[in-house]
Amino acid sequence: MTDARPSLSEDIGRRERNYLIKMGIRLVCLILAFTVPAPMAVKILLFAGAIFLPYIAVVGANAPRGGAPADPGFTDPGQNEIPRHRREIGS
């Protein structure tokens with residue numbers, strides 16, 4: 001396994017799938033709330049799902065890409081440092 005982040009196209013595809021799944025669940029909640037003869041408590045839960053799932057889906061679709069960026073100040077203790085006189089390109 002690698003620590004590299006997924007490619008942008010894979011990340012967008014994952015976000016789209018998650019969004020569509022949540023919107024599908026919302027649609028099912030809405031249809032069931034109107035069609036199934038259930039107690040009022042169940043209908044309220046189904047309506048709550050239909051109301052709050054779009055917010056959850058949008059927040060999830062706009063979440064930052066997976067994996068935290070590496071800390072630029074981090075250096076491996078076993079890594080050799082480039083001498084100061086050789087740091088510039090073309091010197």
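Nothing fancy with the numbering, it's 1 onward along the sequence. In this text, all values refer to a predicted model and were calculated from it rather than measured experimentally.
The two residues L53 and K22 come nearest to each other via the heavy atoms CD1-O, 3.9 Å. A38 and K43 make their closest contact through O-CE, 3.7 Å (heavy atoms, listed as atom of the first residue, atom of the second, distance). Looking at every heavy atom in both residues, A50 comes nearest to C29 through N-CB, 4.1 Å.
Note that CZ of R17 is 11.5 Å distant from CD1 of I12, once rounded to the nearest 0.5 Å. Going from atom CD1 of I56 over to atom CD1 of I25 covers 10.0 Å, rounded to the nearest 0.5 Å. Atom CZ in R26 sits 13.0 Å away from atom CG in L46 (nearest 0.5 Å). From I51, atom CD1 reaches atom CG of L30 across 9.0 Å, with rounding to the nearest 0.5 Å. Taking CG of L45 as the start and CE of M40 as the end, the distance is 12.0 Å to the nearest 0.5 Å. Note that CG of N62 and CZ of R15 are 7.0 Å apart. Values are rounded to the nearest 0.5 Å.
Open room surrounds OH on Y19; 12 or fewer heavy atoms of other groups in view lie less than 6.0 Å from it.
Hydrophobic clustering of Ile, Leu, Val, Met, Phe, Trp and Tyr side chains at less than 4.5 Å, counting indirect connections, keeps V28 apart from I21. Follow the hydrophobic side-chain contacts under 4.5 Å out from V59 and you never reach F52; the two are in separate clusters.
L27 pairs by the side-chain contact (heavy atoms from CB on, under 4.5 Å) definition with I31, not counting sequence neighbours. For S9, the side-chain hydrogen bond (donor to acceptor under 3.5 Å, both in side chains) criterion is met by S7, not counting sequence neighbours.
Checked against the 6.0 Å centroid criterion, the rings of F47 and F34 qualify as a close aromatic pair.
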